[in-house]
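As the structure is a computational prediction, the values presented were derived from the model and not from experiment. Here is how names work: the chains are called A, B, and so on, in the same order as the sequence lines, proteins then strands, and each is numbered from 1.
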2 protein chains.
Amino acid sequence: MSNAFVRHLSGYGHLDDTEKALLAGACRNLRELPAGAHLIREGDEPDPVFVILEGWACGYKILPDGGRQIISFMLPGDFCDIHIAILQAIDHSIMTLTKATVASLPRAEMEALIQARPMLTQAFWWSQLVDQSISRSWIVSMGRRKSVERVAHLMCELYIRMRNIGLASDHECRMPLTQLVLADALGLTPVHVNRVLRSLKAAKVMELSHGSLQILEPEKLAQIAGFDGNYLHERVHGFV
Amino acid sequence: MSNAFVRHLSGYGHLDDTEKALLAGACRNLRELPAGAHLIREGDEPDPVFVILEGWACGYKILPDGGRQIISFMLPGDFCDIHIAILQAIDHSIMTLTKATVASLPRAEMEALIQARPMLTQAFWWSQLVDQSISRSWIVSMGRRKSVERVAHLMCELYIRMRNIGLASDHECRMPLTQLVLADALGLTPVHVNRVLRSLKAAKVMELSHGSLQILEPEKLAQIAGFDGNYLHERVHGFV
DNA sequence: TGCCCCACGTGATTTGGATCAATATGCGCT
DNA sequence: AGCGCATATTGATCCAAATCACGTGGGGCA
């Protein structure tokens, strides 16, 4: 399990082996969850931080009118709810999108680790900066891109993230998102997401089906998306 | 200047006086800039972090088609481009929205401070978490809220942030945003922002004019916005 | 084997906000 | 005082995406 964790540990490349081992060793309570299980639900008591070892999850908020907006995707190696654990305020829920293996890192362990190894605080901070960049690129998508461009952009982002943790082969990777999930992430309706996906397939640019993505014309896709992957650092380079 | 800085230093309430003084003391090169001046422009060489002492600034990205999306607002006491300084990648520009007084915190100073005082790293991290919450609430707005709701939500956010740094009086504060800026932040057109503002004024809910905001019916506004300010922590409570 | 549920697919219609097109209005500068 | 530019206002028209309505197909389960 440590292995799976350390292998995928993204954004933490500047940690030394001792620190990675400490982090991995502090994880408790390894569990396998089905798709659609909640790690955290608005209104729960916050406590541990979750780490995803296998599978995908997403964070989302529900609006007064019942609408759902997905605000983040979490892939293997990602920490799930640092926000919630640190700020002690649950302002969103987290749900698995696939069968997933997760471990929890109890608050007390995390505090102790951070005290012992200041470098870990930096690692969390930097990882947070990457997440922030992703959020901001979503803002740009939602604010200024049309539906096809949004879909294309998200596919680019997720493909690169999968590649960065070694889970993508050549222009192809697992992409376990239903059209409904995609719609809730992109601020569109499932109906319209469907039409967009068909048009991208018809244009032989990319195809998303049976939970996997095939990029047929990478340059074309990136161009439609206006995608510049610079904000997705495979690892954050230390500045100390 | 230290005074102005420390007074507004938001999200850093758990720092002790020594640390606040260190931070303030490390700032160099105090300057007054006119409205519309760039602190950082995509393509520049990254180096110092900027701190805003007086005035407002915003971060934005320009799209291939020339469109602009504003991704953040920076108020007095905010650090401007930690992203850029740390990740060493300039993926957005930062511009003043008003006449502003800024200081710079050179990278070298910042490194030294962080080394000397691990608590500062935590402060930056936590502050980052608050920023992230703001970004996520923007994603929700852009994805699932209609134009009036978006405008209302942004006004609520900015009013509370101003209040948190002591710059708002009772349901009234400075809000130096043109309708064009508002449009670029909310993913709308200036024309439509205009109509929304007039309708809110006609409904006697709020009024935005001459660079200042008056909230006439706070509950009504919050209700329209679906606003829950829990994510805007005046200060982050330590978890160590 | 058949039923049900959930994800996907597709047409017809509606609508929120964009776009286009003119004016106004205020404000710094000479 | 008056010119000139940036910002605000308002109407008419257009269009991307929502909404509504219905059909399809596969996979788990009794």
note = The reported gap from CG in Leu182(B) to OG1 in Thr189(B) (rounded to nearest 0.5 angstrom) is 11.5 Å
message = Could you check whether any side-chain N or O of Thr96(B) sits under 3.5 Å from a backbone N or O of Pro34(B), counting only pairs where one atom can act as donor and the other as acceptor?
response = yes
note = Rounded to whole Å, the CZ-P distance (Arg150(A) to dA18(D)) equals 8 Å
request  = Give Thr189(B) one of three labels, base, sugar-phosphate or nothing, depending on what nucleic acid heavy atoms sit under 4.0 Å from its own.
outcome  = base
N/O (side chain, Ser147(A)) to phosphate O (OP1/OP2, dA17(D)) under 4.0 Å = yes
query = So what does Gly187(B) touch, heavy atoms closer than 4.0 Å: a base, only the sugar-phosphate, or nothing?
reply = sugar-phosphate
message = My understanding is that only residues two or more places apart in sequence, or in another chain, count here; which of them pass side-chain hydrogen bond (donor to acceptor under 3.5 Å, both in side chains) with Ser135(A)?
response = Gln132(B)
Atom pair distance, as rounded to whole Å: NE2 in His192(A) and P in dA16(D) = 9 Å
key: Between dA18(D) (P) and Met142(A) (CE): distance, integer Å   = 11 Å
Dump every N/O contact between nucleotides 7-10 of chain C and the protein below 3.5 Å, one line per pair.
{"unit_1": "dC8(C)", "atom_1": "OP2", "unit_2": "Gln179(A)", "atom_2": "N", "d": "2.8"}
{"unit_1": "dG9(C)", "atom_1": "OP1", "unit_2": "Arg198(A)", "atom_2": "NH2", "d": "2.9"}
{"unit_1": "dG9(C)", "atom_1": "OP2", "unit_2": "Gln179(A)", "atom_2": "NE2", "d": "2.8"}
{"unit_1": "dG9(C)", "atom_1": "OP2", "unit_2": "Asn194(A)", "atom_2": "ND2", "d": "2.9"}
{"unit_1": "dG9(C)", "atom_1": "O5'", "unit_2": "Asn194(A)", "atom_2": "ND2", "d": "3.4"}
{"unit_1": "dT10(C)", "atom_1": "OP2", "unit_2": "Arg198(A)", "atom_2": "NE", "d": "3.4"}
{"unit_1": "dT10(C)", "atom_1": "OP2", "unit_2": "Arg198(A)", "atom_2": "NH1", "d": "2.9"}

query = Distance from Ile224(B) atom CD1 to Glu149(B) atom CD, nearest 0.5 Å?
reply = 8.5 Å
inquiry  = Nearest whole Å is fine: how far is dG16(C) P from Glu149(B) CD?
reply    = 11 Å
ask   = What are the two closest non-hydrogen atoms of Leu105(A) and Cys27(A), and how far apart are they?
value = CD1-N, 4.3 Å
query = Parallel, tilted or perpendicular for Phe227(B) and His153(B), by the 30°/60° rule?
reply = perpendicular
inquiry  = Using whole Å, what does the distance between atom C1' of nucleotide dC6(C) and atom NE2 of His210(A) come to?
reply    = 15 Å
key: Which atom of Leu39(A) lies closest to which atom of Phe50(A), heavy atoms considered   = O-CE1, 3.5 Å
key: Integer-rounded Å distance: dT7(D) P and Leu97(B) CG   = 11 Å
key: Reading 5' to 3' through nucleotides 23-30 of chain D, protein heavy-atom contacts under 4.0 Å coded B for base, S for sugar-phosphate only, - for none   = --------
task = Report the C-alpha distance between Arg161(B) and Asp78(B) in whole Å, list the side-chain angles of each, state the deciding distance to 0.1 Å, and finish with yes or no for salt bridge (Lys or Arg N to Asp or Glu O under 4.0 Å).
result = CA-CA 11 Å; Arg161(B) 286 175 63 186; Asp78(B) 286 344; 3.1 Å; yes
task = Can you tell me the distance, in whole Å, between the CG atom of Leu182(B) and the C1' atom of dG17(C)?
result = 15 Å
query = What's the NZ-P distance between Lys146(A) and dG17(C), to the nearest Å?
reply = 14 Å
message = For the CZ atom of Arg174(A) and the CG atom of Leu158(A), what is their distance to the nearest 0.5 Å?
response = 12.5 Å
